[in-house]
Visitor: 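The structure follows.
Order of the sequence lines fixes the chain letters, A, B, ..., with proteins taken first and strands second; residue numbering starts at 1 for each chain.
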Protein chains: 2
Amino acid sequence: MKKTSTYPVSARGPADHEVRDQIVAAATEHFSRYGYEKTTVSDLAKAIGFSKAYIYKFFESKQAIGEMICANCLRQIEAEVSAAMAETDLAPEKLRRMFKAATEASLKLFFQDRKLYEIAASAATENWQAVVAYEGHIQKLLQDVLQEGRQSGDFERKTPLDETAKAIYLVMRPYLNPLLLQYSLDYTEEAPMHLSNLVLRSLSP
Amino acid sequence: MKKTSTYPVSARGPADHEVRDQIVAAATEHFSRYGYEKTTVSDLAKAIGFSKAYIYKFFESKQAIGEMICANCLRQIEAEVSAAMAETDLAPEKLRRMFKAATEASLKLFFQDRKLYEIAASAATENWQAVVAYEGHIQKLLQDVLQEGRQSGDFERKTPLDETAKAIYLVMRPYLNPLLLQYSLDYTEEAPMHLSNLVLRSLSP
DNA sequence: CGTGTGACCATTTGGTATTATAGTCACTAT
DNA sequence: ATAGTGACTATAATACCAAATGGTCACACG
């Protein structure tokens, strides 16, 4: 199995290679310190002691490197969300924690890793693979918890599952999507609770 | 009573004056045709046959003129939403129509009056009075229909009204707020229906 | 074959000189 | 007092050119 998560379409050359890891490490460092725009490919090359041309043996563009770093950020968020959900067995509580953890993890990125956040925001604007994958994974998590709640009898079963999932995703989107989050900052304090309440009321059997 | 809606804080000089109306008319024309940035205050002056200095007897800045035009747009949306809601007496249906009409009116602005939409988006970014007022009015409409539905027995009465109103507003926001709408275009087709359904389920007694 | 690069080109970007614009004010006319 | 303006300034936009950057390629080395 090819692990597409760490070797996306936009990569090239040997998949498993020490230099690839070095590039990613240097890019993470530079992007998060100086930002994506201010980091040149030559900077990365210098940092790992190779020529710029060599970097292009591993990534087909600077953006491809950015995608990788962005994907790592988003996977980090996914992991935090999954962890928060794993803390309980009750579907309703899982849903609450999912919403809360996702918002908090995104906010953490925004406030503590602004430069990386900016990459994620561009990624969302331009619909990079990493963001599409992230959205897919979150939707999957959501669908799973809905299914679980239906099985346990916590959630109603009349409404088609995919409709419910879609609607709830739309409710969460302004706080999950890096691009939208920055325009919802005034609400991040209360929104997860209020919206979780609303969603759970809508799910009651 | 001062009608603050047509004479906001950022205006100056005689409130009711033919020239003020001429300025607004010329600005509406120019802003919607050439855009806010590309229109100079001198252009407006030329259009109404006065000097630029005279315009500043009526508005304290170019932005103040923009606010007025923007406020008109938003009031137009409000009017369309109110009209749509008046078509029915049933609170749940009112809520559906509110969501649908608001989304459609905002989309109309986006696609058919792009230049004016851009003003509204800036207004939302910079929190102009016009947008704050618009949000307030929409929230009032929402609160009223909720109250009405509670009285008629269509909606549950346990949850505090302002919490419900706030949560539902947050659900609608991505499609009402001009700044957010442009990032939700992929969803405007289905979102009003799916989200109305979700909200109504959450309101069921 | 895999590792690695300097030289090269087409676009962007950054800096800067110049122009255009927002906004004011003293002033005239009625 | 109300109606109206030309001349002015500080700031923002623009136009311009030089430097920097993303990206490629032919080639060298083991």
Visitor: Output the rounded distance in Å from OH (Tyr54(B)) to P (dT5(D)).
Guide: 8 Å

Visitor: Would you say Arg114(B)'s side chain and Phe110(B)'s backbone share a donor-acceptor pair under 3.5 angstrom?
Guide: yes

Visitor: Whole angstroms only, please: what is the CD-P distance between Gln63(A) and dG23(D)?
Guide: 9 Å

Visitor: Within the 4.0 Å heavy-atom criterion, would you say Ser51(B) contacts the bases, only the backbone, or no part of the nucleic acid?
Guide: base

Visitor: Rounding to an integer number of Å, can you tell me how far Tyr36(A) OH sits from dT21(D) C1'?
Guide: 12 Å

Visitor: Can you tell me which nucleotide in dA22(C), dT14(D), dC25(C) comes closest to the side chain of Lys38(B)?
Guide: dT14(D)

Visitor: Assess the residue pair Asp162(B) and Lys166(B) against the criterion (salt bridge (Lys or Arg N to Asp or Glu O under 4.0 Å)); give the C-alpha distance rounded to whole Å, side-chain angles, the decisive distance to 0.1 Å, and a yes or no.
Guide: CA-CA 6 Å; Asp162(B) 58 335; Lys166(B) 178 145 214 162; over 6 Å; no

Visitor: Between Arg173(A) and Glu135(A), does any NZ, NE, NH1 or NH2 come within less than 4.0 Å of an OD or OE carboxylate oxygen?
Guide: no

Visitor: When you measure from the side chain of Ala53(B), which nucleotide among dT5(C), dT5(D), dA22(C) comes out closest?
Guide: dT5(D)

Visitor: Nearest whole Å is fine: how far is dT21(D) P from Phe59(A) CZ?
Guide: 20 Å

Visitor: Between Phe111(A) and Tyr117(A), does the ring centre distance come in under 6.0 Å?
Guide: no

Visitor: For the helix from dC1(C)-dG30(D) to dT30(C)-dA1(D), figure out the bend between the end axes, five pairs an end, and round to 10 degrees.
Guide: 0°

Visitor: In whole angstrom, give the distance that lies between atom OH of Tyr56(A) and atom P of dC8(C).
Guide: 19 Å

Visitor: Quickly work out the Phe58(A) CZ to dT3(C) P distance and round it to whole Å.
Guide: 7 Å

Visitor: Tell me whether Lys115(B) contacts the main-chain N or O of His30(B) through its side chain, where contact means a donor paired with an acceptor under 3.5 Å.
Guide: no

Visitor: To the side chain of His17(A), which of dG4(D), dG23(D), dT3(C) is closest?
Guide: dT3(C)

Visitor: What are the two closest heavy atoms between Ser32(A) and Leu116(A), and how far apart are they?
Guide: CB-CG, 3.6 Å

Visitor: Look at the side chain of Lys52(B) against the base of dG23(C) and say whether a donor-acceptor pair falls under 3.5 Å; ignore hydrogens and angles.
Guide: yes

Visitor: What's the closest nucleotide to the side chain of Val19(A) if the choices are dG23(C), dA26(C), dG4(C)?
Guide: dG4(C)

Visitor: Using the salt bridge (Lys or Arg N to Asp or Glu O under 4.0 Å) definition, which of the options Lys100(A), Arg96(A), Arg97(A) pairs with Glu87(A)?
Guide: Arg97(A)

Visitor: Between Glu37(A) and Gly49(A), who's closer to the 5' end of DNA chain C by nearest nucleotide?
Guide: Gly49(A)

Visitor: Rounded to whole Å, please give me the gap between CD in Glu18(B) and C1' in dG4(D).
Guide: 15 Å

Visitor: Would you mind telling me which of dG4(D), dT21(D), dA26(D) lies closest to the side-chain atoms of Thr40(A)?
Guide: dT21(D)

Visitor: When the distance from NZ of Lys46(A) to P of dG22(D) is rounded to whole Å, what number comes out?
Guide: 11 Å

